[in-house]
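Heads up: the structure comes next, in structure tokens.
Scope of the values below: all heavy atoms of this structure, side chains included, with no hydrogens, waters or symmetry mates. Residue numbers start from 1 in every chain, and the chains themselves are labelled A, B, ... in the order their sequence lines are given, proteins ahead of strands.
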Amino acid sequence: MKRSNLFLPTLKENPTEAKITSHRLMLRSGMVRQSSSGIYSWLPMGLKVLKNIEKIIRLEQDLIAQELLMPTIQDSEIWKKSGRFNDYGKEMLTFIDRHEHQLLYGPTNEELITDIFSKNIMSYKSLPLCLYHIQWKFRDEIRPRFGVMRGREFLMKDAYSFDISKEDAIKCYNRMFLSYLRIFNKMELKAIPVSADTGPIGGDLSHEFIILADTGESEVYLDKNILKEEIPNINYNDSKGISKLVDTLTSFYAAADDKYDEEEYMNIVNENNRLKTKGIEVGHLFYFGSKYSIPLEAKVNSKEGKVVPVEMGSYGIGVSRLVGAIIDAHHDDKGICWPESVSPFLIGIVNLRQNDIECSNLSDTIYNNLLSKDVSVLYDDRDEGAGIKLAEMDLIGVPWQIRIGPRGIKNGNFELLQRKTGDITEIKVKDMEKTINKLL
RNA sequence: CGGAACGUAGCGCAGCUUGGUAGCGCACUGGUCUGGGGGACCAGGGGUCGUCGGUUCAAAUCCGGCCGUUCCGACCA
């Protein structure tokens, strides 16, 4: 993509309404624009990141679940059946269609997926089953804030599991547990699993996944040792191995402030290993048994020929929130430093002297080379001052910048800058091919 | 939902106290120069001052209603 053709409205100054880093940077780097309180339009740059995050999630979730797509608008009837139509409260946006029928904009999908299940699955032989979708949700938050981190409309990955027994349900829960860690790992986020309250979803087993970031909303108390844990490759068929791994990972003390118990913390965690910090919740696992399967009649015939309600769990990831969380975890005073896996572009080309024929020729050559390799590249071909181009490239956080200017060309060089470290390497033009291949 | 602010050009703001036909910086358009970290100069374009009503000869400015946005708190992916 040439910068001259890209719809990328960047801002030099900070908009007053944006108080936290990720919100400021998302506005300044032209990723989103607010259309009303807690509701955002995603501009091309922001959308690219959102899609990259989705891609990572799909890759991992497809190993243990199947994707489908449920609607944003739901019928209120199933919510009345589950009892949540009244329980959910004012956060749920409801409205009436031309036939005087009450609808709602889904804040979550337990009812709908359970309804789908109940109408199509009759036998234990069809289990286990785990389904997920990535869809926009709406929760009419009292006070939306922090941009995309706490919007009213947000994109969420939500998965739902159906099993014949609690034992099987826990197996699925554990697979999700590890799948989540792998997902966040791939985004270069350190996610801490923290035991959690189940809130309005209900149930008796639940973990939150918290990203450590100074701008986070919730306080977390940790045993530092959990940060050292690596996530190995996982064989999802090995339920014993998985269960062991989850046991290990949950053996460290980790609690959000609502579950924090000072005495317990002091007793369990050695003084040198205590860490109190802030975090952002990006994922949540729930096991809730038959809470929805009973009222919504999601029942199957068991091996013994009895009709039994299925055991369920649900598993969410805040996809749009992750965009903000990643920025909070990866930025400096110049702007965003995208992890390569989610970056809107892998490589940026900055032509420092647009009207210099040698600079432009080399820039064009490298650009076309990258295009032919199908690399996502942003080529700043505008006739602007070098400072403007460099500052913008830093702001939008492209991981690798190729800088082409008269100074380097004189010696047959161009420069390669790594955004994250700021390291600049002089590259001989004749080594271009080799250098590029190393980045891919 | 309790508390507090704010609403003037795309963004950041001044003007309001003391009413008199709207201004600055950035951004934008045309031009000249410049050319390795948001450069300089010249010339331009863009605003029914959130909205409705009231007071007044006259309202961005004073008064009232409404709408919107933000911040702090209680609540959440």
Side-chain angles (χ1 to χ4, degrees), chain A residues 9-20 23-24 27-28 30 33-39 88-92 106-109 134-159 180 196-201 206-211 216-218 256-258 279-286 314-325 333-335 350-356 359 380 382-395 401 403-410 413-415 417 422 424 426:
Chain A
T10 56
L11 303 171
K12 198 163 158 181
E13 291 169 273
N14 283 320
T16 19
E17 78 259 26
K19 303 295 174 193
I20 67 160
H23 191 194
R24 274 204 299 262
L27 291 169
R28 285 194 52 207
R33 286 294 181 263
Q34 177 165 309
S35 69
S36 109
S37 179
I39 302 179
Y88 215 91
K90 286 189 169 175
E91 274 199 6
M92 188 157 67
T108 176
N109 285 58
I134 298 178
Q135 179 62 290
W136 292 92
K137 308 279 189 291
F138 192 92
R139 292 182 193 171
D140 198 357
E141 293 277 344
I142 299 165
R143 183 151 97 85
R145 64 184 123 172
F146 304 143
V148 119
M149 302 282 281
R150 174 84 72 85
R152 291 194 290 175
E153 190 184 50
F154 58 97
L155 188 61
M156 180 170 158
K157 188 282 312 183
D158 39 328
Y180 273 32
D197 276 335
T198 50
I201 310 280
S206 179
H207 283 90
E208 285 175 0
F209 287 78
I210 304 232
I211 301 301
E217 295 181 71
S218 33
D257 42 9
D258 54 338
I280 302 160
E281 184 188 346
V282 290
H284 209 146
L285 310 180
F286 300 95
S314 76
Y315 316 92
I317 292 180
V319 180
S320 45
R321 172 179 282 188
L322 268 172
V323 179
D333 55 337
K334 292 176 181 164
V350 183
N351 184 353
L352 295 163
R353 189 77 70 83
Q354 188 64 30
N355 59 11
D356 179 295
C359 290
D380 196 339
R382 296 170 303 170
D383 187 12
E384 294 283 357
I388 289 176
K389 293 180 167 190
L390 294 172
E392 187 185 272
M393 205 55 94
D394 286 345
L395 173 66
Q401 291 175 21
R403 300 172 161 191
I404 294 148
R407 220 158 64 188
I409 277 197
K410 235 183 282 172
N413 292 342
F414 62 87
E415 286 159 23
L417 174 132
I424 296 179
E426 296 274 338

So, under a plain 3.5 Å distance rule, would you say the side chain of [X] forms a donor-acceptor pair with the base of [N]?
X	N	value
A:Glu384	B:rG38	no
A:Arg150	B:rC76	yes
A:Arg403	B:rG37	yes
A:Asp394	B:rG37	yes

Which nucleotide, [options], lies nearest any side-chain atom of [X]?
X	options	value
A:Pro15	B:rA77, B:rG12, B:rU70	B:rG12
A:Arg145	B:rC13, B:rG36, B:rG73	B:rG73
A:Phe154	B:rA77, B:rG38, B:rC72	B:rA77
A:Gln34	B:rC76, B:rU70, B:rA74	B:rU70
A:Phe286	B:rG36, B:rG37, B:rA77	B:rA77
A:Ile142	B:rU69, B:rG12, B:rA74	B:rA74
A:Ala391	B:rU69, B:rG38, B:rC13	B:rG38
A:Arg321	B:rA77, B:rG37, B:rC26	B:rA77
A:Glu415	B:rG36, B:rA77, B:rC72	B:rG36
A:Glu141	B:rC1, B:rC76, B:rG73	B:rC76

For [N] versus [M], give the span between their [atom1] atoms, rounded off to a whole number of Å.
N	M	atom1	value
B:rG30	B:rG23	P	25 Å
B:rG50	B:rA5	C1'	16 Å
B:rU51	B:rG7	C1'	11 Å
B:rG15	B:rA40	C1'	30 Å
B:rG12	B:rC75	C1'	33 Å
B:rG68	B:rU55	C1'	26 Å
B:rC63	B:rG19	C1'	13 Å
B:rG53	B:rC6	P	25 Å

With a 4.0 Å cut-off on heavy atoms, is [X] in touch with a base, just the backbone sugar-phosphate, or nothing at all?
X	value
A:Arg152	nothing
A:Lys157	nothing
A:Glu17	sugar-phosphate
A:Ser320	nothing
A:Gly151	base
A:Pro406	base
A:Asn355	base
A:Gly405	base
A:Asp383	base

Inset, instruction - Determine, for A:Glu141 against A:Arg150, whether the closest basic-nitrogen to carboxylate-oxygen distance falls under 4.0 angstrom. - result: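 Salt bridge between A:Glu141 and A:Arg150, a charged N being under 4.0 Å from a carboxylate O: yes.
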
Inset, instruction - In plain terms, say whether A:Glu392 and A:Arg382 are close enough for a salt bridge, that is, a side-chain N and a carboxylate O under 4.0 Å apart. - result: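 Salt bridge flag = yes for A:Arg382 with A:Glu392.
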
Any strand counts, and the cut-off is 3.5 Å on both contacts for Watson-Crick or G-U wobble. Which nucleotide pairs with [N]?
N	result
B:rU18	none
B:rG36	none
B:rU55	none
B:rC13	B:rG23
B:rU29	B:rA43
B:rG7	B:rC67
B:rA60	none
B:rC75	none

Inset, instruction - Report yes if at least one side-chain N or O of A:Thr16 is closer than 4.0 Å to OP1 or OP2 of B:rU70; otherwise report no. - result: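 It does not, given that no N or O in the side chain of A:Thr16 lies less than 4.0 Å from OP1 or OP2 of B:rU70.
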
Legend entry - Presence of A:Arg143 side-chain N/O under 4.0 Å of B:rC71 phosphate oxygens OP1/OP2: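 For A:Arg143, the contact criterion (side-chain N or O under 4.0 Å from OP1 or OP2 of B:rC71) is met.
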
I need the [atom1]-[atom2] distance between [X] and [N], as an integer number of Å.
X	N	atom1	atom2	value
A:Asp140	B:rC76	CG	C1'	12 Å
A:Ile39	B:rG68	CD1	P	12 Å
A:Arg382	B:rA27	CZ	C1'	12 Å
A:Leu395	B:rG37	CG	P	18 Å
A:Leu27	B:rG10	CG	P	16 Å
A:Ile210	B:rC76	CD1	P	13 Å
A:Ile388	B:rA27	CD1	C1'	10 Å
A:Phe138	B:rC76	CZ	P	18 Å

Given 3.5 Å as the limit, does a donor-acceptor pair link the side chain of [X] with the main chain of [Y], or not?
X	Y	answer
A:Arg28	A:Leu11	yes
A:Arg403	A:Leu352	no
A:Tyr315	A:Lys157	no
A:Lys389	A:Asp380	yes

Legend entry - Side-chain H-bond candidate by donor/acceptor type, A:Gln401 with A:Asp394, under 3.5 Å: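 Yes, A:Asp394 and A:Gln401 have a side-chain donor paired with an acceptor closer than 3.5 Å.
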
Inset, instruction - Report the residue (A:Thr10 or A:Ser35) whose heavy-atom-nearest nucleotide on RNA chain B is the more 5′ of the two. - result: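 Upstream on the strand: A:Thr10.
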
Legend entry - Toward the 5' end of RNA chain B, by each residue's nearest nucleotide, A:Phe146 or A:Glu91: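 Its nearest nucleotide lies further toward 5', so the answer is A:Phe146.
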
Legend entry - Rounded distance (nearest 0.5 Å) linking atom CD1 of A:Ile317 with atom CD of A:Glu281: 11.5 Å

Inset, instruction - Check whether any side-chain heavy atom of A:Leu27 sits under 4.5 Å from a side-chain heavy atom of A:Gln34, and report yes or no. - result: no

Legend entry - Output field: ring centroids A:Phe286/A:His284 closer than 6.0 Å: yes

